[in-house]
Amino acid sequence: MTSTVTRRRLLGSAASAAVSLCALGAGRKPFAATSGLNFGEPQPFTFDALIERAQDLASRPYQPPYQPAPDIVRQIDYAVHGQIRFKPENALFAEGPGVYPVTFFHLGAFFPKAVRMHVLEGGQAREIVYSADYFDMPGDSVARGLPADSGFAGFRLQESRRRDDWRTQDWVAYLGASYVRAIGQLGQYGMSARGIALDVAASEPEEFPDFIAFYIEPAPSESEPVTVHALMDGPSIAGAYRFAIRRTEGVVMDVETHLFMRAPVERFGVAPLVSMFWFAEYNRGFEIDWRPEVHDSDGLALWTGAGERLWRPLNNPQRVITSSFTDDNPRGFGLLQRDRRFENYLDGVNYDRRPSVWVEPLDGWGRGAVQLVEIPTDDEIHDNIGAFWVPEAPVQAGDRFTFGYRLHWLAEEPFPATEIARIAATRIGRGGEPGKPRPDGVHKFVVEFEGQALEGLDQGSKPQPVISASRGEVSYVFAEPVPNTSRWRAQFDVTVAGSDPVELRLFLAEGDRALSETWLYQYDPSRSPG
């Protein structure tokens, strides 16, 4: 992720290359599970063999991925690619054992690297042979000039064949480098996950390893997962992945990774999440945009190994900022979209329905840190937010790693702390008291909380804000109910000189008992409203 990563790049950059575990056979016999596709000869397949293949790749010099007919692919721009559509009747598992059909993305100028696709059945893998005939495209499309070994850019899982609209509705998409997206509980794509994040906002340029081959095993019923195996390769790393993907009220993915290092990396990001944050109610500048808020996610949530719940509202900083939250065996973290009110977006692209994504470790990750990277952006087309786990120990050439985790693509986090209140809004303005002169260098923060822990409280038993600041003076602190709602808000002023960031921390308490999750915020005084 860099400051120039865009939506188009997310969908298009670095779609994977041509290394396959099963060579293309001379025959093109239709596979029994589908119609309309051609296949290579069957080859034995096991996940253990894929792991060995990844380890072998890492022991060899890196080979750049195959890019078929670059002069042709460069001409498949946004407009040309928009005229190329996969025919749903040619979908893998359009009939046969798989309840979720699979359709494929065509190569294009923004995703020029070929990915080898395979179908699995009974321990056998057969490569799906590319053909322009699988796609609807104009007769004179430049794409018809691609060679037979071109491969595909990625694939999508369509909704169950038991639904009448499966041909037009998909719920998971793999496209570009090691990116994967899924719709959440509210039926809308938004942020993405990646296989790995290497040297994000580090001293060396970021590396984007590619998923270079996929092996897709059907789900016999809606209650069983689609299993996707992936081979990854990059200059510093090779890896084997297994995704067990379930269509629930949202989407749940169990991920098993086996990673082998060719070279050391400065920042090794495990289970990375990628999102977009332009502005919200607390950092919207004057005349930036007509909409009240624009973001795919509005905060980073953390559930620490010690059991503490943290909420960090996202920022659009003036320079690249990396925040590190040290932990030991975290219970989970995620980039969430908590604001679900359409009137706070007023946009037909459904920001109010974007998924929240939660990472649940399935084994002990030891000591390390959840790191949040925030990159300046001036538009919503840039994915400028990253969050991932970074192990404490440095990563060296020859290292091997195995991680297991679960990705929850839902509307809310899957394990809410219902016994305490959660943060519902963050607001920032000029400090001081209404009706009095506003002092220079004083900034007001208003944090709203909601939840059962606050129900029944009144002015006689109001919660107490517990506040700390890394520098400056905190004053004018109080809590009060928000009129016409069930929320409470904590207010405080911070007086601070200079432009260095201020780390703020706040929670509500009743005596020694915490009533809320902990609000964390990195405030940049140079962007003060006054």
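This structure is a prediction, so every number in the text was calculated from the model and none was measured. Residue numbers run from 1 in the order of the sequence given. Basis for what follows: all heavy atoms, side chains included, without hydrogens, waters or symmetry-related copies.
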Q | Charged N-O contact under 4.0 Å between D500 and R471 | A | no
Q: Report the distance from atom OG of S275 to atom CG of N384, rounding to the nearest 0.5 Å.
A: 8.0 Å
**Q.** Note: E392-R367 ion pair, threshold 4.0 Å (strictly below)
**A.** yes
(Q) How long is the straight-line distance from CD of E448 back to CD of E450, given to the nearest 0.5 Å? (A) 8.5 Å
Q. Do NZ/NE/NH1/NH2 and the carboxylate oxygens of D233 and R262 come within less than 4.0 Å?
A. yes
Q: Would you please classify the geometry between the Y405 ring and the W365 ring as parallel, tilted or perpendicular, with 30° and 60° separating the classes?
A: perpendicular
Q.
Whether the side chain of Y100 engages the backbone of V226 through a donor-acceptor N/O pair (distance < 3.5 Å, no angle test) should be reported.
A. no
(Q) Name the residue from F492, F445, Y282 that meets the ring pair (Phe, Tyr, Trp, His ring centres under 6.0 Å) definition with Y523. (A) F445
Q) Do side-chain atoms of T248 reach the backbone of G250 as a donor and acceptor pair under 3.5 angstrom? A) yes
Please set out all donor-acceptor pairs under 3.5 angstrom arising from side-chain atoms of residues 411-419, sequence neighbours excluded.
from : atom 1 : to   : atom 2 : distance (Å)
E412 : OE1    : R422 : NH1    : 3.1
E413 : OE2    : R338 : NH2    : 3.0

Q) So how far is it from I423 CD1 to R487 CZ, rounded to the nearest 0.5 Å? A) 11.5 Å
Q) Counting N and O atoms only, with roles assigned by atom type, does the side chain of D298 sit under 3.5 Å from a partner on the main chain of L314, one being a donor and the other an acceptor? A) no
Q: Mind checking the CE-CG spacing from M276 to D379? Nearest 0.5 Å is all I need.
A: 9.0 Å
Q. Which atom pair, heavy atoms only, marks the closest approach of L520 to P313?
A. O-CD, 3.0 Å
Q. When the ring planes of F478 and Y476 are compared, do they come out parallel, tilted or perpendicular, using 30° and 60° as the limits?
A. perpendicular
Q: Check whether any side-chain heavy atom of W358 sits under 4.5 Å from a side-chain heavy atom of V252, and report yes or no.
A: no
(Q) Is the shortest side-chain heavy-atom distance between L515 and F449 below 4.5 Å? (A) no
Q.
Under a 3.5 Å distance rule, please check whether D347 uses its side chain to pair with a backbone N or O of V349 as donor and acceptor.
A. yes
Q | P292 versus Y345, closest heavy-atom pair with distance | A | CD-O, 3.8 Å
**Q.** Shortest non-hydrogen contact from R438 toward E433
**A.** NE-O, 3.6 Å
Q: Applying salt bridge (Lys or Arg N to Asp or Glu O under 4.0 Å), run through R242 and E256 and close with a yes or a no.
A: CA-CA 5 Å; R242 177 161 56 194; E256 180 183 342; 2.9 Å; yes
Q. Any donor-acceptor pair under 3.5 Å linking the side chain of D210 with the backbone of I212?
A. no
(Q) I want to check something: taking the side chain as every heavy atom from C-beta on, are L186 and R340 in contact at a cut-off of under 4.5 Å? (A) yes
Q.
Pair F279, D289 - check side-chain contact (heavy atoms from CB on, under 4.5 Å), show working.
A. CA-CA 9 Å; F279 60 88; D289 191 82; 3.6 Å; yes
Q. Is the closest basic N to carboxylate O distance between R505 and E308 below 4.0 Å?
A. yes
Q.
Exactly one of Y521, W519, W311 should register a side chain to side chain donor-acceptor pair (under 3.5 Å) with T426. Which one does?
A. W519
Q | Spacing of OH belonging to Y189 relative to CH2 belonging to W171, to within rounding of 0.5 Å | A | 9.5 Å
Q) Taking the six-membered ring for Trp, are F105 and F111 ring centroids under 6.0 Å apart? A) no
Q: Taking the side chain as every heavy atom from C-beta outward, state whether V200 and Q371 have any pair of such atoms under 4.5 Å apart.
A: no
(Q) Can a donor-acceptor pair be found, under 3.5 Å and without considering hydrogens, that links the side chain of Q188 to the backbone of N350? (A) no
Q.
Donor-acceptor pair, distance only, cut-off 3.5 Å: does the side chain of D199 make one with the backbone of R267?
A. yes
**Q.** Heavy-atom closest contact (W409 atom, M191 atom, distance)
**A.** CZ3-O, 3.5 Å
Q.
Checking I237 against F260 for the side-chain contact (heavy atoms from CB on, under 4.5 Å) test, could you report, in this order, the C-alpha distance in whole Å, the side-chain angles of both residues, the deciding distance, and whether it holds?
A. CA-CA 6 Å; I237 195 171; F260 305 90; 6.0 Å; no
Q.
Ignoring hydrogens, what is the shortest heavy-atom contact between G366 and P330? Give both atom names and the distance.
A. O-CD, 4.3 Å
Q. Which heavy atom in Q337 sits nearest to a heavy atom in S356, and how many Å separate them?
A. N-OG, 2.8 Å
**Q.** Check: D363 side chain, G404 main-chain N or O, donor-acceptor pair, under 3.5 Å
**A.** yes
Q: Check whether any side-chain heavy atom of F388 lies under 4.5 Å from a side-chain heavy atom of V373, and answer yes or no.
A: yes
Q: Could you tell me whether a side-chain N or O of K444 sits under 3.5 Å from a main-chain N or O of G432, the two making a donor and an acceptor?
A: yes
Q: Report yes or no: is the cationic atom of R194 (NZ for Lys, CZ for Arg) closer than 6.0 Å to the six-membered ring centre of Y179, at no more than 45° off its axis?
A: yes
Q. Side-chain donor-acceptor pair under 3.5 Å between D339 and Y351, yes or no?
A. no
(Q) Rounded to the nearest 0.5 Å, what separates atom NE2 in H382 from atom CG in N316? (A) 10.0 Å
Q | ring-ring contact (aromatic ring centres under 6.0 Å, His included) between F325 and F333, intermediate numbers included | A | CA-CA 11 Å; F325 306 90; F333 68 92; over 10 Å; no
(Q) Donor-acceptor pair, distance only, cut-off 3.5 Å: does the side chain of N315 make one with the backbone of Q522? (A) yes
Q: Give a yes or no on whether E480 atom CD has more than 12 heavy-atom contacts from other residues, nucleotides or ligands under 6.0 Å away.
A: yes
Q. Are V370 and D327 close enough, and set up right, to give a side-chain contact (heavy atoms from CB on, under 4.5 Å), and what steps lead you there?
A. CA-CA 7 Å; V370 175; D327 203 357; 5.8 Å; no
Q. Stepwise, does the side-chain contact (heavy atoms from CB on, under 4.5 Å) test hold for D493 with T495?
A. CA-CA 7 Å; D493 285 358; T495 304; 5.6 Å; no
